[in-house]
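Below: the structure, in structure tokens.
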Amino acid sequence: MSREFAIGIDIGGTKVAGGVVDAAGSVIHRARRDTPDRSKSPSVVERTIVEVVAELIQVTGPDTVAAVGIGAAGFVATDRATVVFAPHLSWRHEPLQAALQKRVSLPIFVDNDANAAVWAEWKFGAAQGQTHVMMITLGTGIGGGILINGQVQRGQFGIAGEFGHMQVVPGGHRCECGNRGCWEQYASGNALVREAHSLLSANSPMASDLLDSVGGVVENLTGPLITQAAREGDPTACELLAEIGNWLGVGIANLAAAFDPGMFVIGGGVSAAGELLLAPARETFKRQLTGRGYRPEALIVAAMLGNDAGLIGAADLARFSVEQGV
Ligand SMILES: [Zn+2]
């Protein structure tokens with residue numbers, strides 16, 4: 001039997017999600033474990049990954065899987081073996097591949113989750129047929145992936161694509177990274193929620209419907225609830241999303257000045273807002289693009305693969321690496 005499948009693993013803050021992915025990018029089996037006791041320790045997460053891989057191999061049979069790809073939020077060294085730094089896991093220079101390879105007898109590759117996502121969207125999703133693609137994932141922060149001429153660009157040290165920490169406002173909001181004014185402080189899920197909470201806390205009459213929708217408890221207003229309210233026509237929720245979209249457009253114009261891609265793919269949880277976010281982003285992008293009026297404009301589109309992009313991309317990148325012998 002040929003090794004027609006690859007296994008993709010998505011490591012989140014509190015869970016390990018895995019899937020068997022076929023050559024067409026479809027997830028044909030899934031397995032998922034919460035990390036025990038919400039532990040972030042490397043050995044507990046590694047043990048959980050091994051369990052998920054074992055469960056998936058049991059379903060498909062051991063001889064059908066070509067490789068295992070792991071997508072992690074964090075800096076992954078260019079060896080695709082070492083997690084240099086993962087902000088949401090207590091990992092520092094963690095030799096993840098070596099630790100797993102002792103217990104999994106398949107080739108294993110580690111990637112940054114947004115690098116995996118841009119690969120998946122290029123091969124199977126919104127960016128098929130493109131040559132210069134940039135992925136922007138809007139979650140609590142901002143992740144980024146760069147793909148040029150069919151190759152994920154990881155940088156000299158593996159850390160390319162950390163778009164969220166480009167400064168857009170000198171002296172602006174403090175960021176987790178220690179700097180001020182980072183893009184992700186203005187165009188992420190956290191930024192959306194922060195702005196909404198500050199508006200509600202100010203007892204602004206324009207936010208009274210939103211406040212009523214969470215029973216008057218400001219802290220209960222989440223990003224998905226804002227998106228839902230905007231979809232139902234709440235003007236304040238629409239305005240909050242448009243503000244995030246404007247900041248998204250500012251950063252995209254900066255990225256276009258540096259990289260000149262043909263397409264920006266917007267993924268992550270916040271992208272569920274769709275055109276409520278993307279239309280204002282396009283407007284600002286057009287206003288701020290360097291050389292506007294004298295150059296082609298990149299497309300700004302929604303991602304297609306949703307939460308599965310990291311898993312599918314990690315699996316397919318691992319399979320590709322085995323096929324290429326790299
Ligand atoms: Zn930052």
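Throughout, residue positions are numbered sequentially from 1 according to the sequence presented. Worth knowing before you read on, the calculation uses all heavy atoms, side chains too, and leaves out hydrogens, waters and symmetry mates. Every number for a ligand or one of its atoms is a count from 1 in the order of the listing.
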- Item | Pair Thr14-Asp34, side-chain donor/acceptor within less than 3.5 Å |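 No pair is found: no donor N or O on one side chain lies under 3.5 Å from an acceptor on the other.
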- In the protein, N/O/S atoms that are found under 2.8 Å from the Zn ion (ligand 1), waters not counted: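 As for protein N, O or S atoms lying under 2.8 Å from the Zn ion (ligand 1), they are His165 ND1, Cys175 SG, Cys177 SG, Cys182 SG.
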- Message: Tell me every residue that passes salt bridge (charged side-chain N to carboxylate O under 4.0 Å, His left out) with Arg80, counting only those two or more places apart in sequence or in another chain.
- Response: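 So Arg80 forms a salt bridge (charged side-chain N to carboxylate O under 4.0 Å, His left out) with Asp111.
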- Not counting sequence neighbours, list each pair that qualifies as a side-chain hydrogen bond (donor to acceptor under 3.5 Å, both in side chains) and has a residue in residues 173-186.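 Matches after skipping sequence neighbours: His173-Arg194.
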- Positive for ring-ring contact (aromatic ring centres under 6.0 Å, His included) with Phe85, one of Phe75, Phe157, Trp91: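 Checked Phe75, Phe157, Trp91 against Phe85; only one passes ring-ring contact (aromatic ring centres under 6.0 Å, His included): Phe75.
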- Item | Exceeds 12 heavy-atom contacts within 6.0 angstrom, atom CG of Asp79 |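 Yes, enclosed.
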- Apply ring pair (Phe, Tyr, Trp, His ring centres under 6.0 Å) to Phe109 and list each qualifying residue two or more places apart in sequence or on a separate chain.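 Testing Phe109 for ring pair (Phe, Tyr, Trp, His ring centres under 6.0 Å), a comparison that skips the adjacent residues, returns none.
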